Amino acid sequence: MNEISDVSGQYSRRTIDIVHASLVKRRRAEKRFQLYGLVSIVLGLCFLVILFGSIISKGYTAFQQTFIGLDIYFDPQLIDPEGRRDPNTLMEGNYDRLLKNAMSSLFPDVKERRAKRSLYGLVSVGASFDLRAQVLARPDLVGSTGRVWVLADDDVDMFVKGQLERTGVEADRRIKDNQIAWIDKLEAESRIKKSLNTAFFASGDSREPELAGIWGAVMGSLFTLLVTLGLSLPIGMAAAIYLEEFAPRNRWTDFIEVNINNLAAVPSIVFGLLGLAVFINFFGLPRSSPLVGGLVLTLMTLPVIIIAGRSALKAVPPSVREAALGVGASPMQTVFHHVLPLAVPGMMTGAIIGMARALGESAPLLMIGMVAFIVDVPGSIMEPSTVLPVQIFLWADSPERGFVERTSAAIMVLLLFLIFMNGLAVYIRRRFERRW
Amino acid sequence: MQKSTLLFLLVLLSAAAYFIGRRRSLQVAGGTVRSLHSLPNYYGYFAALWCGIPALLVLFLWTAFENSIVIQLVVSALPEELSSVSPDRLGLLINDIRNVASGVVASETDPAIEAAANHYLELKEMSNRLLSLLAISVAITGAAYARQRISKEHRARNHVEKSVTIFLIACSTIAIFTTIGILLSVLFESIRFFQEVPITEFLFGLDWSPQMAIREDQVGSSGAFGAVPLFVGTLLISLIAMFVAVPIGLLSAIYLSEYAGSRFRATAKPLLEILAGIPTVVYGFFAALVVAPFVRDLGGRLGLDVSSESALAAGLVMGIMIIPFVSSLSDDFINAVPQSLRDGAYALGATQSETIRQVIIPAALPGIVGGILLAVSRAIGETMIVVMAAGLTANLTANPLAAVTTVTTQIVTLLVGDQEFDSPKTLAAFALGLVLFLATLALNIVALHVVRKYREQYE
């Protein structure tokens, strides 16, 4: 009897107690699981913040550039010995000497050759071209003396911005003790200033960080995107229209669809191989040109545009088509006069997203030679050029310290374009979205 | 006449043909538009098409063949001692002639080459003139023919629509041509590569050092083309990427679709998706500049020997890039699991996490696996991150702290810079491209198959 009640007591305890005992554990497991999810989202967002944070913190300084104020005597002996203010003679003047003279007069006690060379090295090699441009623009400067702000060398620039060490083993430092002393003296005489880095936005690539800019790459990107847009938009829209509105459902169109879906997943570098083998080696189109880049990117973005275009067409209700057909329009008229205008906003968002992807793409462009070092700003789609992401790739590879901040700044510009494009796509979608 | 000018002129002529055709149709109709078969616009389009398309075809064909014919003519006019050289030398010679003709080389040129360059320029000039004449006359003839065809009964709309249909079909087949182009371009060069390097050595060889000798007697002159270290490196980095992306992506998808309130979801989801829109070159820079030094320092502090270009750094960053990819695909599949399954589990007394782990995830698993396969194929094909953050030396190792190289990195290093197209070094890149294409293609087909099959189950 006792035994039985014991057993039954165990039984009754078991069910409810097991539930009770396990409930705490299960609730804890529930909380833990929920926490994992939250942690992983926070982790993902953390990566985003670290990515943006590190790029912005490294790059924001690139928008400013260090200048050195020198009292330059535009010595007629050096730049205009004949005194005729003739542009041709002015072109050939020794502007480098002007800079050196100005530097020497600031630091008269620097006599030794090595020291002199490192003193002159404080000024960028581009400064003499600047001086020449100034004199050519205003020939009356010849013979006068004036405070001119000239570009500082990238090491000086980095030092002034606090990105080079002041202490440590001198041999390991880019900037030596005597140079630090000179810079300090220049700063004490307020001959050092930082102002907007116009060269970064206005010039092409250069081996010297202080002279390098993104304008060439921006123009290259623009031309490449123009080619891509000009080809992929009409072709993609036409393909979408055919597949969605006219194509019979048969093996052939299935085959086309499978191809389009596969192309959307082919690694981008393979498109680069295609461009190299077909457009450059077979058709002999010029290497490094935005034309070939645009063609390759067209083939890459076509699937995106076609898929987006088809879903935009699919969203147009059949009643629109039936109404048009009912009043006697031909199928072609139905599509082009009634369905397409309603689908265009959706197609546009797809196209903009495809373009944004093309703008950020770089791997296939390496294959077709757009990595060449090109200083000139391209003027047409046939001229060699580089694009913004490839410029970033090139600069990221450069050993000079000054290119790190320029790379980050170029990335900021690229991301700004991308944010703008994606914002535009969202705006168009919101503005023209239609619920049937 | 420049080709661009000619093109512009042809467009203008077509526009003119449009107006002529339209006017003609109104004339024919005698004021009553209703008596025409089609609307007057269609007669305009009809004329414009007849004007533009044949002329454009002429322009296109001419441009395609012009260069080789002109070069043939120039070569056949060369003096004997210049033209009777080996094909390689002849190629160089032609290049010289072209350079001189475009004014690139100004100093000290062979008078024979200069003469040839002049001949080349003359021929080009003549060909341009002929082309302009031909194209414009074809355009005008076409327009005249179309104008003469226009009558009340003429079915202009049907003709125009037919041509538009042809255009639409042509556009939709470009995807096929692209696939064929990819296949042919990598296949042909790969076949040339495999004629020099046996395919078994390429697929199973353990040594990769694609340096080719400039001189015969150079040290290490014969390249080794065993691609196994590259495959292993690629897989290692992809594996690390998946270790980062799959848990984070999957758990965030679960949280976003099951736990998060709609407000939180509406902000967190697009923020995570920003990660997918960032250009890969930016990730590469981030990996090389921030993550790799961080990993190296951390390893140094722990007493590990981490190389400055470790597989770990590249894999980590690639994983970050793939997170949104995994999360949005998983999100789709988790959302597709019907509510009735959840309600059933709750009715049995399961907690929410138990429901997710034991009901929803198993139900969504095939789809999630398909999504992960797609993510793997993306990791294998990813280029910029590994080019910038992984090493260049082929290293057969499974150690994530060592530098490894990948298929895509090698393609880039082999093909960037000076290249000649008959050395195994450059051809090897195409063979690697073929492997990459086939591997990702197979993965994608399997993944798409799984995804599609699963999607239909609940619909």
Side-chain angles (χ1 to χ4, degrees), chain A residues 26-27 29-30 33-34 36-38 40-41 43-45 47-48 51 54-55 235 238-239 241-243 246 255-256 259-263 265-270 273-274 276-278 281 284 299 302-303 330 332 356 360-363 366-367 371 389 392-393 396 404 407 411 414-415 418 422, chain B residues 67 157 161 164-165 167-169 171-176 178-179 181-182 185-186 189 247-248 251-252 254-256 259 268 271-272 274-275 277 279 281-282 284-286 288-290 320 323 351-354 374 377 381 383-384 388 408 411-412 415-416 421 430 433 436-437 440-441 444 448:
Chain A
R26 288 170 62 198
R27 292 225 170 100
E30 170 74 36
F33 189 73
Q34 205 170 342
Y36 293 154
L38 200 58
S40 45
I41 290 178
L43 218 57
L45 296 180
F47 290 141
L48 193 66
L51 182 71
S54 66
I55 282 166
I235 296 177
I241 290 170
Y242 177 71
L243 291 175
F246 297 113
F255 183 58
I256 293 179
N259 263 299
I260 289 172
N261 285 331
N262 275 335
L263 276 188
V266 167
S268 59
I269 193 167
V270 173
L273 290 176
L274 168 78
L276 178 62
V278 173
N281 285 347
L299 297 182
L302 260 184
S330 74
M332 194 70 75
E361 193 55 72
S362 40
L366 303 185
M367 299 287 91
V371 280
I392 290 166
F393 172 68
V404 172
T407 313
I411 287 176
L414 179 64
L415 289 179
L418 287 180
N422 283 312
Chain B
N67 244 330
R157 199 194 74 211
E161 290 190 347
V164 174
T165 314
F167 171 73
L168 294 182
I169 293 176
C171 286
S172 68
T173 54
I174 282 184
I176 294 173
T178 311
T179 314
I182 287 175
S185 56
V186 290
E189 309 282 347
I248 295 183
L251 286 171
S252 0
I254 290 172
Y255 189 87
L256 283 177
Y259 290 110
L271 276 179
L272 269 186
I274 291 179
L275 282 174
V281 67
V282 176
F285 181 68
F286 179 64
L289 205 81
V290 180
I320 295 175
I323 289 172
T351 63
Q352 205 174 354
S353 68
E354 284 162 350
L374 283 179
S377 89
T383 311
M384 297 315 288
M388 293 167 85
T408 47
I411 295 178
V412 170
L415 282 184
V416 169
F421 272 84
F430 286 93
L436 182 67
F437 179 71
T440 50
L441 190 68
N444 285 323
L448 286 175

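This is a predicted model, so every value here is computed, not measured. Letters A, B, ... mirror the listed sequences (proteins, then strands); counts begin at 1.
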**Item:** Euclidean distance, A:Ile41 CD1 relative to B:Leu271 CG, rounded to 0.5 Å
**Value:**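 The distance works out to 10.5 Å.
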
- Message: Minimum heavy-atom separation for A:Met367 and B:Val412, please, with both atom names.
- Response: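 Heavy atoms of A:Met367 and B:Val412 come nearest at CE-CA, 3.6 Å.
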
What residues, two or more places apart in sequence or in another chain, satisfy ring pair (Phe, Tyr, Trp, His ring centres under 6.0 Å) together with B:Tyr259?
->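 For B:Tyr259 the ring pair (Phe, Tyr, Trp, His ring centres under 6.0 Å) partners, ignoring immediate neighbours, are B:Tyr255.
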
Approximate separation, where rounding is to 0.5 Å, of B:Glu189 CD and A:Leu276 CG
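So the gap between those two atoms works out to 8.0 Å.
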
Q: Check each atom of A:Leu43 against the heavy atoms of chain B and say whether the ones under 4.5 Å are side chain, backbone, both or neither.
A: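 The answer is the side chain of A:Leu43.
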
Q: Determine the minimum heavy-atom distance between A:Ile235 and B:Cys171, stating which atoms define it.
A: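 Closest approach of A:Ile235 to B:Cys171, heavy atoms only: O-CB, 3.6 Å.
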
* To do: Taking all non-hydrogen atoms of both residues into account, name the closest pair between B:Ala268 and A:Leu45 and its distance.
  =>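 Scanning both residues, the minimum pair turns out to be O-CD2, 4.5 Å.
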
If you look at every heavy atom in B:Ser172 and A:Ala239, which pair is closest and at what distance?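 Shortest heavy-atom separation between B:Ser172 and A:Ala239 comes out as CA-CB, 3.6 Å.
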
Check your understanding: What is the minimum heavy-atom distance between A:Gly360 and B:Pro279, and which atoms define it?
Key ->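 For A:Gly360 and B:Pro279, the tightest heavy-atom pair comes out as O-CB, 3.5 Å.
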
query: Do B:Thr179 and A:Asn262 pass the side-chain contact (heavy atoms from CB on, under 4.5 Å) test, and can you show the C-alpha distance, the side-chain angles, and the key distance before you say yes or no?
result: CA-CA 9 Å; B:Thr179 314; A:Asn262 275 335; over 6 Å; no

**Prompt:** Heavy-atom distance under 4.5 Å to chain B: side chain of A:Phe246, backbone, both or neither?
**Reply:**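 Side chain of A:Phe246 only, per the 4.5 Å heavy-atom cut-off to chain B.
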
Contacting region of B:Ile174 [heavy-atom separation from chain A under 4.5 Å]
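For B:Ile174, side-chain heavy atoms alone lie under 4.5 Å from chain A.
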
- Name the region of B:Ile169, side chain, backbone, both or neither, that has any atom closer than 4.5 Å to a heavy atom of chain A.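 For B:Ile169, backbone and side chain are both near chain A.
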
Task: Minimum-distance pair of heavy atoms, taken over all atoms of B:Leu436 and A:Pro267 - done: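 Closest approach of B:Leu436 to A:Pro267: CG-CG, 4.1 Å.
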
B:Thr440 versus chain A, heavy atoms under 4.5 Å apart: side chain, backbone, both or neither?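 Only the side chain of B:Thr440 comes within 4.5 Å of chain A.
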
Contacting region of B:Ile254 [heavy-atom separation from chain A under 4.5 Å]: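 Just the side chain, heavy atoms under 4.5 Å.
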
Contact class of A:Leu415 relative to chain B, heavy atoms under 4.5 angstrom
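Contact with chain B: side chain only.
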
Would you give the length of the straight line joining atom OG of A:Ser40 to atom CD1 of B:Ile248, rounded to the nearest 0.5 angstrom?
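It is 6.5 Å, given to the nearest 0.5 Å.
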
